[in-house]
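Structure, as structure tokens:
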Protein chains: 2
Amino acid sequence: MSEPTDDSRRLRVIVADDQAAVREPLAAVLGMSEDIEVVAAAADGTEVLAAVAAAPADVVLMDLRMPVMDGIETTRRLSEEHPQIAVVVLTTFADDESILAALGAGARGYLTKNAGRQDIVRAIRAAAAGQAVLDREVQDRLLATARARPSATERVLPPDLTRREREVLTLIGQGLPNRAIAEKLFISEATVKSHINNLFAKAGIRDRPDAVRRAIAAGLA
Amino acid sequence: MSEPTDDSRRLRVIVADDQAAVREPLAAVLGMSEDIEVVAAAADGTEVLAAVAAAPADVVLMDLRMPVMDGIETTRRLSEEHPQIAVVVLTTFADDESILAALGAGARGYLTKNAGRQDIVRAIRAAAAGQAVLDREVQDRLLATARARPSATERVLPPDLTRREREVLTLIGQGLPNRAIAEKLFISEATVKSHINNLFAKAGIRDRPDAVRRAIAAGLA
DNA sequence: CCGTACCTCCACCCGTGGGTCCAGGTGTGT
DNA sequence: ACACACCTGGACCCACGGGTGGAGGTACGG
């Protein structure tokens with residue numbers, strides 16, 4: 001968050017979209033904003049990388065579906081090699097996978113193509129300032145995905161497991177072999193096996209892989 | 001997303017924070033923006049509700065920690081009774097729980113208190129336009145939480161896994177032993193072991209329990 | 001005082017898992 | 001024609017996992 005947003009210099013923006021019918025008008029309309037300067041237009045990811053190599057830029061307005069190198073991969077490379085450049089995704093698609101992939105790749109904004117000029121300009125300014133702007137729908141989806149996980153310990157495990165058995169199950173769920181569990185609990189490996197046999201019988205667990213799944217499902221791991 | 005952002009009318013903003021030392025200067029500095037009008041200042045949630053009942057507003061800039069009625073509860077009520085009013089959270093705390101609670105309650109923005117005046121103004125404008133603005137840190141946390149239990153296939157697996165190897169990993173993740181996997185894929189157990197050896201080497205998986213965890217984390221199971 | 005639950009540990013058995021090395025068959029691109 | 005990736009399969013070895021059947025310890029409640 002930078003208070004003194006440098007208004008003395010226009011934001012250098014690169015527009016990336018494989019469709020010229022989208023790219024050209026978009027670049028033109030963005031250039032009308034007095035604080036934005038479109039320094040390049042790219043039809044695929046390689047052209048974006050070439051553009052940032054040729055001249056400095058602040059923000060890349062990125063389509064996801066592009067030939068040769070798509071927006072996800074391009075975003076990933078940009079955030080690795082040029083972390084100072086902010087990527088704002090502008091795409092038709094707002095499915096969970098695309099959103100997670102894009103933001104996970106380092107995008108600092110995600111707009112759908114029914115965003116207006118004002119919305120896009122605002123997102124560019126925010127991204128340049130280190131903020132993230134998301135369409136309302138995108139935020140809702142992201143939030144829904146985040147909340148989709150079970151918060152509390154589930155009832156998939158019988159309540160009559162002893163404390164020790166729970167501990168052992170937790171460590172199994174973390175992928176530890178019996179020897180490591182024994183060391184961690186300061187007991188012998190034989191004892192670990194005893195606990196395992198008991199808890200397997202109680203909880204109806206077949207084998208170790210099954211135990212891992214149950215432990216994760218129960219929120220122990 | 002509304003293209004014709006109505007610039008002919010100033011955005012009516014309510015500032016809610018229990019600390020007068022924060023509330024008053026904030027209201028003053030926001031009022032300096034020509035497109036923003038601070039129509040009320042509130043010290044807790046009940047004052048916010050009273051203010052929106054008394055006069056129309058567009059955006060509420062909301063602190064989370066407030067006496068009587070906190071920001072979460074106030075946000076929840078606002079989004080129920082006045083869904084046209086956008087809530088932007090401005091708080092010191094950026095823990096996962098607060099973020100999820102606030103956005104889940106209907107907040108359309110989440111800023112930490114090291115945001116500058118420009119950042120706050122931008123967030124207010126975006127929220128009024130239906131967009132969501134998050135601090136970079138907040139976005140990262142939200143994304144991390146969303147990816148913790150993903151529905152989509154993750155990037156935790158190397159991309160050079162073959163189709164067969166993915167299938168085998170999926171079945172391992174479901175707890176099946178090699179024999180059952182072999183039957184399910186109509187191949188011999190020896191072949192299953194070959195695939196397992198290859199995919200373990202490629203993905204850096206140590207043993208079967210580890211494979212189960214990775215499969216679940218990757219959303220294959 | 002005695003039963004019961006829990007934690008601790010040992011010995012034995014053997015099935016599955018996983019590593020290693022190898023090899024034939026197929027399809028694809030050069 | 002050739003290399004290469006992939007799927008397929010077999011043989012061998014042995015470590016780890018898991019079942020069985022014990023045994024001795026403490027702590028608690030009837």
NA contact type, A:Asp207, heavy-atom cut-off 4.0 Å: base, sugar-phosphate, or nothing? sugar-phosphate

Round to the nearest Å and state the distance from A:Glu165 atom CD to D:dG18 atom P. 15 Å

Identify, with sequence neighbours excluded, every residue that meets side chain to side chain contact (heavy atoms under 4.5 Å, CB included) alongside A:Ala20. A:Arg23, A:Glu24

Residue pairs passing the salt bridge (Lys or Arg N to Asp or Glu O under 4.0 Å) test where at least one lies in residues 167-177 of chain B, sequence neighbours excluded: B:Arg164-B:Glu167

Any protein N or O atoms within reach of nucleotides 19-28 of chain D? Criterion: under 3.5 Å, listing atom names and distances.
from, atom 1, to, atom 2, distance (Å)
D:dG19, OP2, A:Asn197, OD1, 2.4

Check every strand shown and say whether A:Thr191 touches a base, only sugar-phosphate, or nothing at a heavy-atom separation below 4.0 Å. base

Give me each pair satisfying salt bridge (Lys or Arg N to Asp or Glu O under 4.0 Å) with a member in residues 178-200 of chain A, each pair once, sequence neighbours excluded. none

Enumerate, atom names and distances included, each donor-acceptor pair closer than 3.5 Å involving a side-chain atom of residues 44-52 of chain A, sequence neighbours excluded.
from, atom 1, to, atom 2, distance (Å)
A:Asp44, OD1, A:Thr46, N, 2.8
A:Asp44, OD1, A:Thr46, OG1, 2.3
A:Asp44, OD1, A:Glu47, N, 3.2
A:Glu47, OE1, A:Ala43, N, 3.0

Going through the distances and angles, do A:Leu185 and A:Leu171 end up as a side-chain contact (heavy atoms from CB on, under 4.5 Å)? CA-CA 10 Å; A:Leu185 298 180; A:Leu171 296 174; 4.0 Å; yes

Across all chains, not counting sequence neighbours, the side-chain hydrogen bond (donor to acceptor under 3.5 Å, both in side chains) partners of B:Glu80 are B:Arg76

Please list all pairs passing the side-chain hydrogen bond (donor to acceptor under 3.5 Å, both in side chains) test where one or both residues lie in residues 203-212 of chain A, with sequence neighbours left out. A:Asn178-A:Arg208

Identify, residue by residue, the members of residues 177-189 of chain A with a heavy atom below 4.0 Å from DNA chain D, and return them in order of residue number, or none. A:Pro177, A:Asn178

Residue-phosphate contact under 4.0 Å: A:Arg208 side-chain N/O, D:dG18 OP1/OP2: yes

Note, A:His195 side chain near A:Ile187 side chain (heavy atom, < 4.5 Å): yes

Contacts of type side-chain hydrogen bond (donor to acceptor under 3.5 Å, both in side chains), residue A:Thr191, not counting sequence neighbours: A:Ser188

Terminal contacting nucleotides, 5' and 3', DNA chain C versus chain B (heavy atom, 4.0 Å): C:dT16 to C:dT20

Pairs under 3.5 angstrom only: tabulate donor-acceptor contacts from the side chains of residues 53-66 of chain A to other protein residues two or more places apart or in another chain.
from, atom 1, to, atom 2, distance (Å)
A:Asp58, OD1, A:Arg9, NH2, 3.1
A:Asp58, OD1, A:Arg12, NH2, 3.2
A:Asp58, OD2, A:Arg9, NH2, 2.9
A:Asp58, OD2, A:Arg12, N, 2.7
A:Asp58, OD2, A:Arg12, NE, 3.2

Ignoring backbone atoms, test whether B:Arg164 places a side-chain nitrogen or oxygen under 4.0 Å from the OP1 or OP2 oxygen of D:dC7. no

Residues in salt bridge (Lys or Arg N to Asp or Glu O under 4.0 Å) with A:Arg108, at least two apart? none

Within this structure, what is the CG-to-P distance between B:Asp210 and D:dC16, rounded to whole angstrom? 16 Å

